[in-house]
Amino acid sequence: MLRDVRFLNMGWCLIDRSQLVTGHPVGDVVRIPIWAYLLRGDDALLLVDSGMPAGCIGNERYFGEMEPGDLIMPQMQAEDMVDRVLARQGVRLEDIDEVIFTHAHFDHAGGSGLFHGTRILAHPDELEALRAEPELPEWIDLGLRYETVQDGLEPIPGVKLIHTPGHTPGHMSLLLRPKGVRPILLTVDAVYTRHNWEADILGAMTDADLGQASVARLRAIAAAEDAAVFFGHDPDQAKEPFWQAFTR
Ligand SMILES: [Zn+2]
């Protein structure tokens, strides 16, 4: 049973809105939150994603010089590193039984290198894409204890992994059924914001057709489960009353 769900703010990022909303004019910069999620089962503690890498701390220029349309500037403090964030929840790195690796991007997998001996659940398509890269980003260590998982796997009762390719090949979203609360659908980066969902406009996708199919699947799941949908990087959603119980 899934007994508790915590949304962990792992810092922020400035990004050009054209990357969130395909076709939006360049030059409109928006500040988006970075999330990880702590899931407490009966006898297991799961962490979904691990925030940004230490190299982003105090370093808005982590990605160097950028064209305006490509602008991504991390806004990360030392206290946003995954070990510090977990410590504020009373959790040590070694208390985490499994890390769910939704995808390999810097704002989701950036702290994964701290989880040396921990099982890291990843979709095989994500690992395969990484192995094909000529040069891995510094936050990716393929020597970690990865275990590949398929669509539909429930690592613990009440937590279901949903393969939602498009943003990246092995991207995963999650359906949560916490005890005593409405089901929650975490889209992660399959859908960045409520605007993307409501206006049916995709954000950054490596494969737009796959991305559309994944969103269609998430819509069907949200309807069938009557799930509350939490988007990967919505600037304002966490302020909504329903979500405040999870973000405190
Ligand atoms: Zn992201």
Side-chain angles (χ1 to χ4, degrees), residues 10 12-37 48-49 51-52 63 66-74 100-110 112 122-137 139-140 148-152 161-175 185-223 227 229-237:
M10 313 298 282
W12 297 78
C13 212
L14 298 179
I15 187 168
D16 193 89
R17 199 183 289 272
S18 63
Q19 295 179 60
L20 297 182
V21 180
T22 304
H24 193 88
V26 169
D28 180 7
V29 175
V30 57
R31 186 168 182 258
I32 58 170
I34 310 300
W35 296 107
Y37 310 90
V48 182
D49 287 338
M52 295 185 277
F63 292 105
M66 292 156 283
E67 295 294 320
D70 298 328
L71 182 128
I72 299 183
M73 293 170 94
I100 296 167
F101 184 99
T102 67
H103 65 296
H105 286 168
F106 84 103
D107 52 329
H108 297 263
S112 54
H123 193 277
D125 293 356
E126 197 73 0
L127 297 179
E128 191 181 319
L130 289 172
R131 289 193 191 103
E133 291 282 333
E135 196 180 339
L136 287 173
W139 61 88
I140 295 295
T148 55
V149 291
Q150 299 296 336
D151 179 63
L161 306 180
I162 307 164
H163 180 212
T164 44
H167 182 67
T168 65
H171 184 277
M172 294 193 293
S173 306
L174 288 99
L175 176 66
L185 182 63
L186 301 175
T187 67
V188 194
D189 288 1
V191 185
Y192 278 144
T193 67
R194 184 181 291 292
H195 174 74
N196 291 113
W197 180 258
E198 290 180 352
D200 201 13
I201 299 172
L202 286 180
M205 293 285 148
T206 54
D207 184 320
D209 290 339
L210 276 177
Q212 282 291 5
S214 290
V215 174
R217 201 169 155 226
L218 290 174
R219 287 187 197 284
I221 292 169
V229 185
F230 193 77
F231 305 104
H233 293 291
D234 192 286
D236 303 310
Q237 190 180 15

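Note that the structure is predicted; figures quoted are calculated from it, not measured.
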Student: Please round to the nearest 0.5 Å and tell me the distance separating atom CD1 of I15 and atom CZ of R31.
Tutor: 13.5 Å
Student: Kindly check if the number of other-residue, nucleotide or ligand heavy atoms within 6.0 Å of CD (E128) is above 12?
Tutor: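 Atom CD in E128 is not crowded, with 12 or fewer foreign heavy atoms closer than 6.0 Å.
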Student: Minimum heavy-atom separation for I34 to G51, with atom names?
Tutor: CG2-CA, 4.4 Å
Student: Any side-chain heavy atom of V215 sitting closer than 4.5 Å to one from L202?
Tutor: yes
Student: Taking CD in E198 as the centre, count heavy atoms belonging to other residues, nucleotides or ligands within less than 6.0 Å. Is the count above 12?
Tutor: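 Correct, the count exceeds 12.
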Student: Heavy atoms, side chains only, cut-off 4.5 Å: are D207 and P165 in contact?
Tutor: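 D207 does not reach P165 side chain to side chain.
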Student: Below 4.5 Å, heavy atoms only, C-beta onward: do M73 and M66 meet side chain to side chain?
Tutor: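 SC-SC contact between M73 and M66 confirmed.
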Student: Return the minimal non-hydrogen interatomic distance between T22 and G203, and the atom names on each side.
Tutor: OG1-O, 3.5 Å
Student: Minimum heavy-atom separation for Y192 and A204, please, with both atom names.
Tutor: CE1-N, 3.6 Å
Student: Go through M52 and W139 one step at a time and tell me if the side chain to side chain contact (heavy atoms under 4.5 Å, CB included) criterion holds.
Tutor: CA-CA 8 Å; M52 295 185 277; W139 61 88; over 6 Å; no
Student: Do F101 and I140 touch side chain to side chain, with heavy atoms closer than 4.5 Å?
Tutor: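 The answer is yes; the side chains approach within 4.5 Å.
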Student: What's the shortest heavy-atom distance between A129 and P169, and which atoms?
Tutor: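 It is CB-CG, 3.9 Å.
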Student: Is there side-chain contact between Q19 and I32, with at least one heavy-atom pair below 4.5 Å?
Tutor: no
Student: Treating T148 as the side-chain partner and A122 as the backbone partner, does any N or O pair qualify as donor plus acceptor under 3.5 Å?
Tutor: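 Between the backbone of A122 and the side chain of T148 there is no qualifying donor-acceptor contact (under 3.5 Å).
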Student: I'd like to know whether V30 forms a side chain to side chain contact (heavy atoms under 4.5 Å, CB included) with H24, so could you lay out the CA-CA distance, the side-chain angles of the two residues, the decisive distance to 0.1 Å, and finally the verdict.
Tutor: CA-CA 12 Å; V30 57; H24 193 88; over 6 Å; no
Student: Checking the side chain of R217 only, and the main-chain atoms of H163 only, is there a donor and an acceptor separated by less than 3.5 Å?
Tutor: yes
Student: Kindly indicate whether the side chain of D16, heavy atoms from C-beta on, has any atom under 4.5 Å from the side chain of D70.
Tutor: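 Answer no - side chains too far apart.
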Student: Test your reading of the model: is there a side-chain donor-acceptor pair from E126 to the backbone of A104, 3.5 Å cut-off?
Tutor: yes
Student: Do I72 and D107 pass the side chain to side chain contact (heavy atoms under 4.5 Å, CB included) test, and can you show the C-alpha distance, the side-chain angles, and the key distance before you say yes or no?
Tutor: CA-CA 11 Å; I72 299 183; D107 52 329; over 6 Å; no
Student: Using the benzene-type ring in the case of Trp, are the ring centres of H171 and H105 under 6.0 Å apart?
Tutor: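 No; H105 has its ring centre 6.0 Å or more from that of H171.
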Student: Contact between L218 and S173 at the side-chain level, heavy atoms closer than 4.5 Å - yes or no?
Tutor: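 When only atoms from C-beta onward are counted, S173 and L218 do touch, with a gap below 4.5 Å.
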Student: CD1/I201 to CG/L20 distance, rounded to the nearest 0.5 angstrom?
Tutor: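 Reported to 0.5 Å precision, the distance equals 11.5 Å.
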Student: When you measure from the side chain of R219 to the backbone N and O of W197, does any donor-acceptor pair fall under 3.5 Å?
Tutor: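 Judged by distance alone, yes, a pair lies under 3.5 Å.
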Student: Work out which heavy atom in S18 is nearest to a heavy atom in V26; give both atom names and the distance.
Tutor: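 The answer is OG-CG2, 3.9 Å.
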Student: Which distance, rounded to the nearest 0.5 Å, do you find between the NE2 of H195 and the CG of D200?
Tutor: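 That separation rounds to 10.5 Å.
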Student: Nearest 0.5 Å please: distance from the NE2 atom of H123 over to the OG1 atom of T164.
Tutor: 9.5 Å
Student: Rounded to the nearest 0.5 Å, what separates atom CG in D49 from atom CE in M172?
Tutor: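 D49 atom CG to M172 atom CE measures 8.5 Å (nearest 0.5 Å).
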Student: Of all the heavy-atom pairs spanning C13 and F106, show the shortest one and how long it is.
Tutor: SG-CZ, 3.9 Å
Student: List the steps and the verdict of side chain to side chain contact (heavy atoms under 4.5 Å, CB included) for I162 and L174.
Tutor: CA-CA 6 Å; I162 307 164; L174 288 99; 6.0 Å; no
Student: I need the I100 CD1 to H108 NE2 distance, nearest 0.5 Å.
Tutor: 14.0 Å
Student: My understanding is that only one of W35, F231, Y37 makes a side chain to side chain contact (heavy atoms under 4.5 Å, CB included) with L186; could you say which?
Tutor: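 Among the candidates, only Y37 passes.
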Student: If we only count heavy atoms from C-beta on, is the H167 to V188 side-chain gap below 4.5 Å?
Tutor: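 With C-beta onward as the side chain, the pair stays apart.
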